[in-house]
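What follows is a single structure, written as structure tokens, with notes after it.
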Amino acid sequence: TKDYEIVVVDDNSPDQTGSVGKAYYGNNKKIRVCVRKSDRGFASAICYGIKRAKKDYVLVMDADFSHDPKLIPVILNKINKYNVVLASRYIKNGGGENRKRFLLSKIYNAYLNLLLRVNISDFLFGYFCIRREYLIKNKLVTKSIFNGFGDYFIRLAYQINKSGGTFFEIPAYYKNRTYGVSKSNLINMLITYTITSLQTRFKDFN
């Protein structure tokens, strides 16, 4: 059995994720539930969790089961050979339950691949594992990268590629979320992500 820890970051959500987590796992030393009351935001929550992680590898995933936990052993089996292992909907055996969203995202990912010149097929899934030492060594755990929503990974992937990092993709199937309602707005995301991608490619944001 691998040594592990689980860091749950909750932005004082009305669904009571933090309080429920503490009630169920408060005595489990391998699980830490962090509730942020003064700072909010998807990307900054991930940054917060990474900074508090203590193990050699950091695996980032959503807790609504749109990211299949069964892929964790597959990801961990590959991470010792690469800097980043990420789940992708757009390689062989990958896919998505919502066909319209899947196809639109596939087109947009092709645009990101062409613009950023990073050889990965899925910048937007957000299910990945990375060496913690690599993040720290290359000064990648910063607010300039980890801000906004899922667009943080566009900046992160670009900087990892720029620093010579290696990627490996495994196939994943995106299911509609089991719990909760998505806060994302497709039009707003398209505008924000496009601005982010262009700034990342043509402007040094560090």
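Hydrogens, waters and symmetry mates play no part in the numbers below; they use all other heavy atoms, side chains included.
How far CZ of Arg40 is from CG of Asp10: 8.0 Å, rounded to the nearest 0.5 Å. With rounding to the nearest 0.5 angstrom, the CZ atom of Arg99 is 11.5 Å from the CG atom of Leu104. The CD1 atom of Ile31 sits 4.5 Å away from the CD1 atom of Ile6 when rounded to the nearest 0.5 Å. Atom NZ of Lys162 sits about 11.5 Å away from atom CG of Asn138, to the nearest 0.5 Å. Distance check: Leu86 CG to Leu71 CG gives 11.5 Å after rounding to the nearest 0.5 Å. The distance from the NZ atom of Lys137 to the OG atom of Ser163 is 9.5 Å, given to the nearest 0.5 Å.
Put simply, the side chain of Tyr127 never gets that close to the backbone of Ser66: no donor and acceptor are under 3.5 Å apart. When atom types are taken as modelled, the side chain of Gln159 and the backbone of Leu140 share no donor-acceptor pair closer than 3.5 angstrom. Panel note: side chain Ser105, backbone Arg101; no donor-acceptor pair is recorded below 3.5 Å. With Arg131 contributing its side chain and Tyr82 its backbone, the two residues share a donor-acceptor pair below 3.5 Å. Distance alone, capped at 3.5 Å, is enough to place a donor-acceptor pair between the His67 side chain and the Phe125 backbone. In terms of modelled atom types and a separation under 3.5 Å, the side chain of Asn147 and the main chain of Ser44 share no donor-acceptor contact.
Here the closest heavy-atom approach between residue Arg89 and residue Asn109 is recorded as NH2-ND2, 4.0 Å. When every heavy atom of Ala157 is checked against every heavy atom of Ile120, the shortest pair comes out as CB-CD1, 4.1 Å. Looking at every heavy atom in both residues, Gly164 comes nearest to Tyr134 through C-OH, 4.2 Å. Heavy-atom minimum distance, Pro171 versus Gly94: CB-N, 3.7 Å. Smallest separation of non-hydrogen atoms from Leu116 and Arg201: CD2-CB, 3.9 Å. Here the closest heavy-atom approach between residue Arg52 and residue Arg32 is recorded as O-NH2, 2.8 Å.
Put simply, Leu190 and Ile107 are part of two different groups of oily side chains (I, L, V, M, F, W, Y) that touch within less than 4.5 Å, one to the next. Criterion: ILVMFWY side-chain heavy atoms under 4.5 Å apart, direct or through other members. Under it, Tyr108 and Leu115 are part of a common hydrophobic cluster. Hydrophobic cluster membership differs between Val85 and Tyr173, with clusters built from Ile, Leu, Val, Met, Phe, Trp and Tyr side chains linked at under 4.5 angstrom. Placement of Phe167 and Ile91 in two distinct hydrophobic clusters is found when ILVMFWY residues are connected by side-chain heavy-atom separations under 4.5 Å, directly or transitively. Two different hydrophobic clusters hold Phe153 and Ile136 under the rule that ILVMFWY side chains link at heavy-atom gaps under 4.5 Å.
More than 12 heavy-atom neighbours from other residues, nucleotides or ligands sit within 6.0 angstrom of CG on Asn80. In the displayed structure, Glu97 atom CD is contacted under 6.0 Å by more than 12 heavy atoms of other residues, nucleotides or ligands.
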Output, in order, the C-alpha distance, side-chain angles, deciding distance and verdict of side-chain hydrogen bond (donor to acceptor under 3.5 Å, both in side chains) for Ser197 and Tyr111. CA-CA 10 Å; Ser197 65; Tyr111 151 76; 2.8 Å; yes
Please walk me through it: do Arg132 and Asp56 pass side chain to side chain contact (heavy atoms under 4.5 Å, CB included)? CA-CA 6 Å; Arg132 184 170 173 273; Asp56 295 335; 6.0 Å; no
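Other members of the hydrophobic cluster containing Val9, listed by chain and number, are Val7, Tyr48; membership follows side-chain contacts under 4.5 Å among ILVMFWY residues, whether direct or relayed. Through side-chain heavy atoms spaced under 4.5 Å, either directly or across other Ile, Leu, Val, Met, Phe, Trp or Tyr residues, Phe102 is tied to Tyr90, Leu103.
Cation-pi geometry between Lys30 and Tyr4 is met: the NZ or CZ atom falls under 6.0 Å from the ring centre, inside 45° of the normal.
Side-chain contact between Met61 and Ile72 is present, with at least one heavy-atom pair separated by less than 4.5 Å. For the pair Val60/Ile130, no side-chain contact is recorded, criterion being any heavy-atom separation below 4.5 Å from C-beta on. Contact annotation: the side chain of Ile50 approaches that of Ile46 to within less than 4.5 Å [non-hydrogen atoms, C-beta and beyond]. The shortest side-chain heavy-atom distance between Tyr174 and Asn98 does not fall under the 4.5 Å cut-off.
Under the side-chain hydrogen bond (donor to acceptor under 3.5 Å, both in side chains) rule, Thr166 has a single partner from Asn83, Asn119, Asn161, which is Asn83. With respect to Ile154, the side-chain contact (heavy atoms from CB on, under 4.5 Å) criterion is satisfied by exactly one of Thr194, Leu112, Val118: Leu112.
Screening residues 16-44 for ring-ring contact (aromatic ring centres under 6.0 Å, His included), with sequence neighbours left out, gives Phe42-Phe149.
Ion pairing of Asp3 with Lys55 is present here, as a side-chain N (NZ or NE/NH1/NH2) and a carboxylate O approach within less than 4.0 Å.
The aromatic ring centres of Phe146 and Tyr152 sit less than 6.0 Å apart.
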